Each structure stands twice: as structure tokens, then as C-alpha cells.
Amino acid sequence: MTPARRGNLVEAGVLLAAIALPLILEALGEDFYIGFATRLLIFALAATSLNFIVGYGGMVAFGHAAFFGGGAYVVAFLMQAGIFSAWIAWPLAVLAAGVAALAIGALSLRTRGVYFIMITLAFAQMIYYSIVSLQSAGGDDGLPLEQRSTLAPFDLASDTTLYWVALATLAACLIALKRLAHSRYGRALAGLRQNEQRMEALGYPVDRLKLVCFVIGAGVAGLAGALLANQNGMASPTQLYWTQSGMLLVMVILGGVGQRYGGVLGALALLGLEEALGLTTEYAHFYIGLALLAVVLFAPRGLAGLAGLRAR
Amino acid sequence: MGALLEISGLKRHFGGLWAANGVDLAIERGEIHALIGPNGAGKTTLIHLISGALRPDAGRIVFAGADIGQHNMHARVALGITRSYQITQIFPHLPVLENVRLAVQSRRRDWGSSFRMCRPASADFRMLAEAEEWLGRVGLAEAAGQLAADLAHGQQRALELAMALATRPQLLLLDEPMAGMGPEESAHMAALIASLKGAQTILLVEHDMDIVFRLADRISVLVAGRVIVSAAPDVVRNHPDVRRAYLGDEVAP
Ligand SMILES: Nc1ncnc2c1ncn2[C@@H]1O[C@H](COP(=O)(O)OP(=O)(O)O)[C@@H](O)[C@H]1O
Ligand SMILES: [Mg+2]
């Protein structure tokens, strides 16, 4: 069997297990964990979208919370205005995050390295403070959702359905990511990561290639935010705060920068650690820091590299 | 029809230093035009200005009849100006073939957009075939599957030439393509450039006078940001200003 085929079989197996998971949990009477698993999927999606920007586009962005949390607020705002349909609200969350990224990217993509990190952080904090200072956005308390979005013909009120929707979204994004990585655009991004100057000198519109990557990553984060609002029953300012951006970056680095499953593994590891350690010790962040240090020192390709999942 | 490239009064300064101080230069279609001059004369700066890596402070750059002085670099490549770098610029961690394939893919006029995200690039057979052809042209067919970083220095320079050629420029700017090469590698590169003679318009910056006088149809001498002579090799060789400013008497035949 070729490695590619074996990879496909493993993927199919994991997907089947993931589909069956809520049914198993229900049978075991551990329904509580369905919510946790959904949260995991949503963060995996958000981290994957950031990994696309950082690992595929080569842009270390430190403001992903703006798009992630922003997507959640779009759903909450629309619900306040009486729009409950996910078919309307979620695409608008994607659109809003994409448009914000278009503006932020156009202003910051000229900068590199540390400057790009700082400027994306600054923009994201601006968005955080603007939304927190809005009375209609609930200020520090955030904005509760009256109910979950409606996604006819599916019933999102059911935790299991929400889980499956999150799973389907994540799977679709991972499949799209694989296709994209091997397309002309993906190849161009690979060139860009190694030598921007050479790409420009070959006639590639470097800034536009990067901007498109930034906008796509942000749009997917907006969708993840829309899902998270439904999972949490609210849009919360902490989802917009810089610590959230940092957490997503930690997931990407833990999981594997530029590795297709980097975001997924990173989310799994970090949220898993938090869940396991958070219950028993206050020092969860210390251990997470240690894990991060170990990865940076000993496994530059992250958990995906350790697991032999080197696929883009 | 006028020259392919016409530069007039081109100026660019760094602090108080005028690296281009009123450059006038014309490059005709089909010629190999050598640009020589002492270190620090402003040769690389001129390549930067023509390719769009730098913007001029004053003066005009007219390419195929259009003023391109404010175009950015990738727009100039689309118009037909491609450069190589004095310090090798390749994609070190990509296979040699992919380095050239990316150069081929960059030609929008032939293949369309590089923003296509669905179809696998490996399905563009003609791009791959063309990339292989270019590698053959520069003698790297065997190395197609290696990582570019693993090539010898001379091979990397040849790869960079293949990449520049693969954009199918009307004007090729070569900034010291033999820099850092041993005699054998230099001879190989010189032969490659000679094989382009007549078919490809080239502006060649080069220090090795043997090679310059052998390959060039015309030679311009740049001293302190100005072209002091632009003429046929024989004229340049015997020009008194050139001898004084640059060549030194011992170079004379
Ligand atoms: N980016 C820069 N900043 C400051 N000075 C520069 C820069 N680039 C070139 N120079 C100066 O301009 C002059 C011309 O440089 P250059 O074009 O590299 O010369 P050449 O290629 O002929 O050796 C030199 O004195 C060099 O030090
Ligand atoms: Mg130079």
C-alpha cells in the first residue's frame, strides 16, 4: 500500500470515529463531553485557519482573535436584530471577517516580521476595545444569544447536530486545504515562504498573493467564531482579546506550523491539557508553557511532525 | 522603431551619495549590452532601477515605448523585463524543477492566473514539460529532482538563469552572473550566455573583461553614477577616458 493510500485510510477511519463519537458518548451517559468535543472541533477549525496564514502564507499574524471573536459577534448582533438563520448569519460572519482582514491586511502586509506581529496585534486590540465599549454589544459581559442559530433542515438545538455541523465544516476545510496546497496558488505560496524577493522578480504580485491568503484565513476564522457563539450561547469579549490570538498561535506551533493537521493536533493537545490539568492544578499554564518549549526545542514540526503526518 | 530600452537622466541617491547621477543608456533589440565599471560605480543600482526594485528620484525609463519608471517590479516582469541577482536568489528548499516551474507558471499571458486554488498544479503538464526543457538548456536536467540548496554554487547560478529565461523576457538583466564562480563554472556560464546571443536582448554586468569583450555587441562604461562611454567593444577598448577612469593601460591589447 502506498503511503498516500494508507494516509487516506487513516483519515477515513478517524473521520468515521469522529462521526460516531457523540453516539458513543450518549450510550455511555457522558453527554457532557459532546459539548467539549464540539469546542475542540471549533478551535481546531480556528487554529487551522490561522495555520493557513502563518504556515502556508508565511505571515506570523497575532490578531486572529479579531476575526474569530468577530464572527461570534456578527451572529449575536444579527440575532439581536431578529435574524436567526445560520444560512444568512454565518456567511455574513465570514464576509465581515474577510472584509476586516482585507482592510487590515492592505495596511499591514507591507511590514514584515516583528512589525507585522505588532501591527496585527494593534488592529485586533482596536477591534476588541471598540466592541467592548459598545453598550449594544454588552460591554465586558458580552452578548448572549437568545437561542442557537436555525439551520433548516437541521436542528441545531441538539448538541449532537451542532457537533456534526462543526465536524463537517472542519472536514470540508481540511479537504479544501489539501487541494489548495497543491494548486497553482498553493505552489506560489510555497515559493513566497522561501523567497519573496525572487517571487516578485519572477513577476508574481506578492502583496496580493499574501492578502488573499490572509483574507481566506480570516474568513474561516469568522465561520469558526459563528460556530463558537452557538456552542457557548454567547459572544464574549475574551474571544476577541489578544490572549485568544496567543492561544491560537500556541496551538499552531504545538501542532505544527504549515502542517495540514497542525491546527487540529494543536487544539486537541492544548484543550486536552487544559481539561486534564485545569481540573487538578492551577498551574495548567505552566505545563502548557513547558510543552510549548519542548516542541520548539525538540520538534520544530510540532506534533504533526512527531506523528509522521508531514502532509501539507 | 526606437531602442528597446531608453534611459535618460536617471538619478537615484542614497543619503548624500548619487549612485545614479544622470544615467543615459539605450539598449537595442537583440544585442548583448555589457555594463562595466569599477566597484561602487552604481551598476547594481542601475539594475535595481530598471527592474523596479528601486524607484528613481529623477529621469525616465522607457521600455518598448512606454514610460515604466513608476511601475512596480512584477508589472515590469509582465511587460518583459526580468533580472537575475548578484547574490543568488532561488527557492533553496524546493526541488530544482519546481524552481523553474514556478518561473514558467508566472507567465499569466500564457497560462492565466496563479490564484487558481482547486486544480492540482501537477496537472499542468505543459508547464512541467517546459520547465524540464529550460533545465536541459542550462545543463541541469539531471538535477531536476534535487533540492536547489544541494546544488553547487555554479549550478545554482545556472538555475537562476533558467528561471529568468523561463519568464521569457524581452530584456534580460544579468548582474554579475559569474560572481563567485571558478574558471570552469565561469566558462560554462559564458557559453550559456553566448548561446543566447542574437535571440535574447541582454544587459550584462560583468567584471571579467575577456568575457565582456568576447560576448558584448556594445559596452557601456559606468563611472560614479554616469555612463561615460557607450560604444562597440573596439571603440571602448581604445577610448582614452575609459583607460584613465577604469581599465588601466595593462588591459589594452
Ligand atoms: N541601499 C543602499 N544604501 C546606501 N548606499 C547604497 C545602497 N546601495 C548602493 N549603495 C551605494 O551606492 C553605490 C553604488 O553601489 P552599487 O550600485 O552596488 O555599485 P556596483 O554594483 O557598481 O558595485 C555604492 O557606493 C554603494 O555603497
Ligand atoms: Mg554590483
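Just so you know, these numbers come straight off a predicted model, no measurement behind them. Naming convention: chains lettered A, B, ... in sequence-line order (proteins, then strands); numbering from 1 in each chain.
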Query - With Arg119(B) via side-chain hydrogen bond (donor to acceptor under 3.5 Å, both in side chains) - residues at least two apart - result: Asp124(B)
**Report entry** Part of Ile216(A) within contact of chain B (heavy atom distance under 4.5 Å)
**Finding:** side chain
Requested in this report: For Gln170(B), check side chain to side chain contact (heavy atoms under 4.5 Å, CB included) against everything at least two apart and list the hits.
Outcome: Leu4(B), Arg29(B), Phe63(B)
Query raised in the report: Between Ser51(B), Ser84(B), Pro92(B), which residue shows the highest count of heavy-atom pairs closer than 4.5 Å to chain A?
Result: Pro92(B)
Query - Stepwise side-chain contact (heavy atoms from CB on, under 4.5 Å) test for His74(B) and Arg208(A) - result: CA-CA 11 Å; His74(B) 63 82; Arg208(A) 225 178 317 145; 4.1 Å; yes
Report task. Of all the heavy-atom pairs spanning Phe115(B) and Pro205(A), show the shortest one and how long it is. Result -> CE1-CG, 4.2 Å
Query - Arg55(B), CZ atom: more than 12 neighbouring heavy atoms under 6.0 Å - result: yes
Query raised in the report: Quick one: what part of Ala103(B) sits under 4.5 Å from any heavy atom of chain A, side chain, backbone, both or neither?
Result: both
Report task. Find the distance between CD (Gln194(A)) and CD (Glu98(B)) and round it off to the nearest 0.5 Å. Result -> 9.5 Å
**Report entry** Distance (rounded to the nearest 0.5 Å) between Leu94(B) CG and Arg187(A) CZ
**Finding:** 9.0 Å
**Report entry** Minimal non-hydrogen separation, Ala201(A) against Arg83(B), with atom names
**Finding:** CB-CG, 4.4 Å
Query - Any donor-acceptor pair under 3.5 Å from Arg184(A) side chain to Ser113(B) backbone - result: yes
Query raised in the report: Has Arg126(B) got more than 12 heavy atoms of other residues, nucleotides or ligands less than 6.0 Å from its CZ?
Result: no
Query raised in the report: Do any N or O atoms from the side chain of Ser183(A) and from the backbone of Arg116(B) form a donor-acceptor pair under 3.5 angstrom?
Result: yes
Query raised in the report: CD1 of Ile87(B): more than 12 outside heavy atoms within 6.0 angstrom?
Result: no
Query raised in the report: In this structure, are over 12 heavy atoms from other groups packed under 6.0 Å from Gln146(B) atom CD?
Result: yes
Query raised in the report: Between Ala176(A), Ala190(A), Gly203(A), Gly186(A), which residue shows the highest count of heavy-atom pairs closer than 4.5 Å to chain B?
Result: Gly203(A)
Query raised in the report: Would you call Ser122(B) and His182(A) a side-chain contact if the rule is heavy atoms closer than 4.5 Å?
Result: no
Query raised in the report: Which value, rounded to the nearest 0.5 Å, describes the distance between Leu202(A) atom CG and Arg107(B) atom CZ?
Result: 11.5 Å
Requested in this report: Identify which part of Leu209(A) has an atom lying under 4.5 Å from any heavy atom of chain B, answering side chain, backbone, both or neither.
Outcome: both
Requested in this report: Evaluate whether atom CZ of Phe14(B) has more than 12 neighbouring non-hydrogen atoms of other residues, nucleotides or ligands under 6.0 angstrom away.
Outcome: yes
**Report entry** Test item: Tyr204(A) side-chain N/O and Ser106(B) main-chain N/O as donor-acceptor pair under 3.5 Å
**Finding:** yes
Requested in this report: Tell me, for Thr167(B) versus chain A, whether the close heavy atoms (under 4.5 Å) come from the side chain, the backbone, both or neither.
Outcome: side chain
Query - Backbone N/O of Arg198(A) and side chain of Gln89(B): donor-acceptor pair under 3.5 Å - result: no
Query - Closest non-hydrogen atom pair, Asn195(A) against Ile90(B) - result: ND2-O, 3.1 Å
